[in-house]
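Working notes, beginning with the structure itself.
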Number of protein chains: 2
Amino acid sequence: MAVRSARTRAEVERKPRADSLRNRERLLKAATRVFSAGGPEASLEAVARRAGVGIGTLYRHFPTREALFEAVYRREVDELAGLAERLAHEAEPIDALRQWLGAFVQLVATKKGMLAALSLAAQAPPSELYAYSFDRLTTALDGILKRAIAAGQMRSDITPEDLLRALLGLSYSYERPDWQATVTRLIGVFVDGLMVKR
Amino acid sequence: MAVRSARTRAEVERKPRADSLRNRERLLKAATRVFSAGGPEASLEAVARRAGVGIGTLYRHFPTREALFEAVYRREVDELAGLAERLAHEAEPIDALRQWLGAFVQLVATKKGMLAALSLAAQAPPSELYAYSFDRLTTALDGILKRAIAAGQMRSDITPEDLLRALLGLSYSYERPDWQATVTRLIGVFVDGLMVKR
DNA sequence: TGAAAAACGGAGGGCGCCTCCGTATCTGTA
DNA sequence: TACAGATACGGAGGCGCCCTCCGTTTTTCA
């Protein structure tokens, strides 16, 4: 008697192992530094080394380079999306857009890896794993765009995806001397083009 | 006696060896195909294999990936630049610009590697080798821009380099289903933004 | 025709990708 | 506290690519 459980299995969720959590955290920290220094094609083995973890462990936690990227930059993406949502309510549509774009450039200035991450996300659809980042941002942007269009201030044939891609593309000259000014200027031109004539 | 030469050396240019010329040609042909299929990071060993040539030979002819790229796409660049020069004389400035941008997109559609090549050129300055392509295009574009600005049809704070970079960036969503339409639309928006307000 | 110059080609050392599986560690139960 | 099963670890190993180096082959020129 007292043998209460017996088949309790299969539906019982164990809590994640402590070492697993610890390693995941270490990997994220290491990846942040390595990507930030070495760009999007930095060596994953270097990440594992820096984390003090076997390469197998890295791959178990993050099956693809993309997955690791996304995990590293998810927080940034969330913030960016949150800002868009806030601006959609608090500012005039066109201003909201300009402010958000400015914030984006600002962010890229400090977290260069993010641009690479999002660009990967924006590329080929095969990267199913990226859905999160890209969706999150386009959805948030959509709020701003819809209002601007409804207010008759912006042309209606540009989707949030278009805008995001354009933004990513235009930002791609980062890594040059005066890039930030240049990119800001280019984005300004683009926004001017978005505004309804007159 | 009869020993006429003796120190004739050092200033005498021999004609290039026939096999060298032949191999160079083969490599260019192979590279064109391989880059076009595999994108900018295609394997150089694959190029050598396809050319039926040793890897050492490839490296002797083209010491860097960039050098090979440039050699492959130099002809295209020249054509593009030539078109810009012609358009600068034959068309209304803004039209000339639109036509040239359209031609660019068209070209990228068939020679995808070119986009990668030019993008590399537009990146970090270290790539001395790219100077040619980038200079050639910006110079040619400058003709169109100058006229448009002089005619009071275009804002004056955008340089040819800016425009080229923007073009490259905006084109970067190629490799997706409907990219050509999208890119054309985005470029259209950008040009609208370039035009002097009303 | 033969010697010197030029070019060839691929082996080899290094590195990164990713998989696979024997071993070590942790968790829940009694 | 002890132990069995579940879970995670780690790195060796196979593969491909990068690039260099040098012994061998081919071509040129006199």
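Residue numbers start from 1 in every chain, and the chains themselves are labelled A, B, ... in the order their sequence lines are given, proteins ahead of strands.
- The CD atom of Glu45(A) sits 15 Å away from the P atom of dG13(D) (whole-angstrom rounding).
- For the pair Arg165(A) and Tyr172(B), the NZ or CZ position fails the cation-pi test of under 6.0 Å to the six-membered ring centre and within 45 degrees of the ring normal.
- A residue-by-residue look at Leu44(B) and Arg17(B) shows that Leu44(B) has its nearest nucleotide of DNA chain D further toward the 5' end.
- Rounded to a whole Å, the CD1 atom of Ile55(A) is 16 Å from the C1' atom of dC21(C).
- Summarising the geometry, the separation between CZ on Phe35(B) and P on dC17(D) is reported as 13 Å, rounded to the nearest angstrom.
- Contact check, Asn23(B) against dC8(C): a side-chain N or O comes under 4.0 Å of OP1 or OP2.
- Inter-residue side-chain proximity for Phe35(B) and Arg65(B) is flagged as met; some heavy-atom pair is nearer than 4.5 Å.
- An OP1 or OP2 oxygen of dA6(C) is reached within less than 4.0 angstrom by no side-chain nitrogen or oxygen of Ser20(B).
- With distances taken from any side-chain atom of Lys15(A) to the nucleotides dG28(C), dC18(C), dA11(C), the minimum falls on dG28(C).
- Across the interface with DNA chain D, nearest-nucleotide mapping of Val53(A) and Pro16(B) shows Val53(A) to be the residue nearer the 5′ end.
- Atom CZ in Arg49(A) sits roughly 14 Å away from atom P in dG14(C) (whole-Å rounding).
- For the pair His61(A) and dC9(D), the criterion of a side-chain N or O lying under 4.0 Å from OP1 or OP2 is met.
- Listed pair Thr57(A) / dG10(D) meets the phosphate criterion, a side-chain N or O lying under 4.0 Å from OP1 or OP2.
- Across all strands, Arg24(A) comes closer than 4.0 Å to no nucleic acid atom at all (heavy-atom distances).
- Salt bridge status for Glu92(B) with Arg98(B): absent, with no side-chain N to carboxylate O gap under 4.0 Å.
- Backbone-only engagement by Ala18(B) is indicated by non-hydrogen atom pairs under 4.0 Å involving sugar-phosphate atoms exclusively.
- Shown here for Ala81(A) and Leu137(A), the closest heavy-atom pair between the two residues is N-CD2, 3.9 Å.
- For dG16(D), neither phosphate oxygen OP1 nor OP2 lies less than 4.0 angstrom from any side-chain nitrogen or oxygen of Ser43(B).
- Contact annotation: Arg14(B) does not reach the phosphate of dT27(D) (side-chain N/O to OP1 or OP2, under 4.0 Å).
- You won't find any donor-acceptor pair under 3.5 Å spanning the side chain of Arg65(A) and the base of dG16(C), going by distance alone.
- Scanning all heavy atoms of the two residues, the minimum distance from Leu118(A) to Ser133(A) falls at CD2-CB, 4.1 Å.
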